[in-house]
Amino acid sequence: MLPAIARKSVTGVLPSLLAHFEMSGAQALGGFESAVFATPQRVLKLTHTLRREQAFIESELHFTRYLAEHGLPVARPLSSSAGHWVEASPDPEGGSWLAYAFARLPGHPLRAEHLTPTVIRAWGRLTGQLHVLSRHYLSDPQLPRRRPWHTEPVLDLRRLPPGLDEQRRRGQALIERVGAWPRTSENYGLIQSDLHGDNLHWDGQTLYAFDFDDCESHFFLNDLAVSLHSVARLVPPGEDAAAFCQRFLEVYLPAYQEVCPLPPEWREAVADLLRLRDVLMLGVLAEAWGIGTPHETLEEEGDLEIFERYARRVGRGEPICNIDWAGL
């Protein structure tokens, strides 16, 4: 969460915003970029105009409703008692708090022990179905379009802390290389862009996706790269990371291709996008934890080590896992 938002108190606005969505008595669930509250039936996300504009949240919800209406298992947005998708409450210090709600999904997030062939196949098919639907999505002309990936503020590498010159150089070269790729309606469109294990729920039969907060216009293959990146972070202690990720792809990719074909150059592209995820996360963590600023706030022991691992990989141009792409 942005330090400027994390320092604010929501005590004065939370009760009324929860009441708008009939969620009085909701319990706090934490949250990384937004504060999250839940009842057994509903989940409410609370953010601030310092981070998001109301109309852009409404664009996210329009896309998510479209996916739900066309059968994709996602968290369905819920309107408030007044019929609004987003409720705003003024912040006495400036700006506004923004709240929006979803149906609470069954199941649990994915951990290493949940990655059975059945779950991995469901993950691949879900991602493929999302991309097929995205190709036919028509945005609401009354709402702003979701941003293209390269305009993400944390990809402005000038904002990184001092002492990361090589990370800036390598990261910028990668951003420019990916930005020069040809774009067509078959390889580029609106994607979830944060499709990792914590944003998926498995209930034993169905895999559900949620948290489209970062949905953006990007190459479809980025969702594959983000998923692979998340799997690399789930490798159990003592297991070989490359072998673990290779086994994941051997099941995931055929399932994806059952519903959505891969472009001819997918191997080289996913390899680059895997590195791009590290560049993005380096910026995300620098901003969220205020690295190198007077407001630096490391939330847990080991956070600085996590940041430094990202910095090392980006500075060396190394991916989070080494894949035998020719073997896939």
Side-chain angles (χ1 to χ4, degrees), residues 2 33-34 47 49-67 72 74 86 98 100 127-128 130-160 167-168 170-196 199 209-230 260 262-263 265-266 268-288 314:
L2 289 175
E33 293 186 307
S34 302
T47 189
T49 49
L50 283 172
R51 179 175 177 268
R52 287 283 189 262
E53 294 179 24
Q54 180 169 339
F56 281 96
I57 296 175
E58 291 174 351
S59 295
E60 168 200 337
L61 302 180
H62 186 270
F63 180 53
T64 311
R65 293 199 307 276
Y66 162 80
L67 297 175
L72 200 71
V74 297
V86 181
L98 304 172
Y100 49 114
T127 309
L130 192 161
H131 296 163
V132 169
L133 288 171
S134 179
R135 289 188 175 107
H136 302 286
Y137 172 65
L138 297 176
S139 60
D140 185 336
Q142 303 302 314
L143 294 172
R145 289 180 177 269
R146 296 290 293 190
R147 66 178 176 231
W149 67 273
H150 61 278
T151 64
E152 162 61 58
V154 297
L155 286 179
D156 179 355
L157 303 185
R158 294 171 298 181
R159 298 166 52 164
L160 288 176
Q167 286 80 358
R168 288 188 186 87
R170 284 184 178 269
Q172 189 60 40
L174 178 60
I175 291 167
E176 291 174 6
R177 183 162 71 248
V178 174
W181 292 350
R183 301 176 189 176
T184 72
S185 60
E186 294 298 304
N187 72 5
Y188 189 93
L190 205 54
I191 67 170
Q192 201 269 1
S193 214
D194 201 25
L195 207 55
H196 56 73
N199 286 339
F210 62 99
D211 193 1
F212 282 71
D213 186 63
D214 290 328
C215 70
E216 61 187 354
S217 293
H218 207 322
F219 293 96
F220 292 128
L221 289 174
N222 193 62
D223 273 340
L224 282 68
V226 169
S227 296
L228 176 59
H229 190 281
S230 76
C260 188
L262 287 167
E265 73 288 352
W266 70 268
E268 298 83 357
V270 174
D272 268 349
L273 292 168
L274 201 57
R275 294 182 178 90
L276 184 64
R277 180 66 172 180
D278 268 347
V279 175
L280 177 81
M281 290 305 301
L282 188 67
V284 167
L285 297 180
E287 179 180 75
V314 172

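Along the sequence shown, residues carry numbers from 1. All figures in this text were calculated on a predicted structure; none of them were measured in a lab.
- Taking Asp278 as the reference, His229, Arg313 meet the side chain to side chain donor-acceptor pair (under 3.5 Å) condition, with sequence neighbours excluded.
- How far CD of Glu58 is from CG of Leu61: 7.5 Å, rounded to the nearest 0.5 Å.
- With sequence neighbours left out, Phe219 forms a ring-ring contact (aromatic ring centres under 6.0 Å, His included) with Trp181, Tyr188.
- For Arg147, the side chain to side chain donor-acceptor pair (under 3.5 Å) test picks out Glu152, with sequence neighbours left out.
- The salt bridge (Lys or Arg N to Asp or Glu O under 4.0 Å) test applied to Asp194 returns Arg277, not counting sequence neighbours.
- Of the possible polar contacts, none joining the Thr47 side chain to the Ser34 backbone as a donor-acceptor pair under 3.5 Å is found.
- Put simply, the side chain of Asn187 does not reach to within 4.5 Å of the side chain of Leu221, judged on heavy atoms.
- Applying the side-chain contact (heavy atoms from CB on, under 4.5 Å) criterion to Glu265, with sequence neighbours excluded, gives Pro263, Glu268.
- The closest side-chain heavy-atom distance from Val226 to Ile191 is not below 4.5 Å.
- Shown here are the side-chain contact (heavy atoms from CB on, under 4.5 Å) partners of Tyr66, two or more places apart in sequence or in another chain: Phe63, His70, Leu133, His136, Tyr137.
- Note that CZ of Arg183 and NE2 of His218 are 9.0 Å apart. Values are rounded to the nearest 0.5 Å.
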Dump the intermediate steps for side-chain contact (heavy atoms from CB on, under 4.5 Å) on Asp213 and Glu60, then the final yes or no.
-> CA-CA 7 Å; Asp213 186 63; Glu60 168 200 337; 4.0 Å; yes

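- Between the side chain of Arg146 and the backbone N or O of Phe56 there is at least one donor-acceptor pair closer than 3.5 Å.
- Side-chain contact check for Trp266 versus Leu224: every heavy-atom pair is 4.5 Å or farther apart.
- For Asp211, the salt bridge (Lys or Arg N to Asp or Glu O under 4.0 Å) partners are Lys45, not counting sequence neighbours.
- No side-chain heavy atom of Leu157 sits less than 4.5 Å from a side-chain heavy atom of Leu282.
- In terms of modelled atom types and a separation under 3.5 Å, the side chain of Gln192 and the main chain of Phe210 share a donor-acceptor contact.
- For Asp214, the salt bridge (Lys or Arg N to Asp or Glu O under 4.0 Å) partners are Arg52, not counting sequence neighbours.
- Distance CG/Leu190 to OG/Ser59: 9.0 Å, rounded to 0.5 Å.
- Salt bridge status for Arg65 with Asp140: absent, with no side-chain N to carboxylate O gap under 4.0 Å.
- Residues that satisfy the side chain to side chain donor-acceptor pair (under 3.5 Å) test with Ser134, not counting sequence neighbours, are absent from this structure.
- With contacts defined as side-chain heavy-atom distances shorter than 4.5 Å, the pair Leu155/Trp149 qualifies.
- Here Leu285 contributes atom CG and Leu160 contributes atom CG; the two are 11.0 Å apart, rounded to the nearest 0.5 Å.
- Checked against salt bridge (Lys or Arg N to Asp or Glu O under 4.0 Å), Asp156 has the following partners two or more places apart in sequence or in another chain: Arg158.
- Qualifying side-chain contact (heavy atoms from CB on, under 4.5 Å) partners for Arg135, counting only residues two or more places apart in sequence or in other chains: Val132, Glu186, Phe220, Cys260.
- Residues satisfying the side-chain contact (heavy atoms from CB on, under 4.5 Å) test with Arg170, not counting sequence neighbours, are Glu166.
- Taking OG1 from Thr49 and CD1 from Ile57, the interatomic distance works out to 9.5 Å, rounded to the nearest 0.5 Å.
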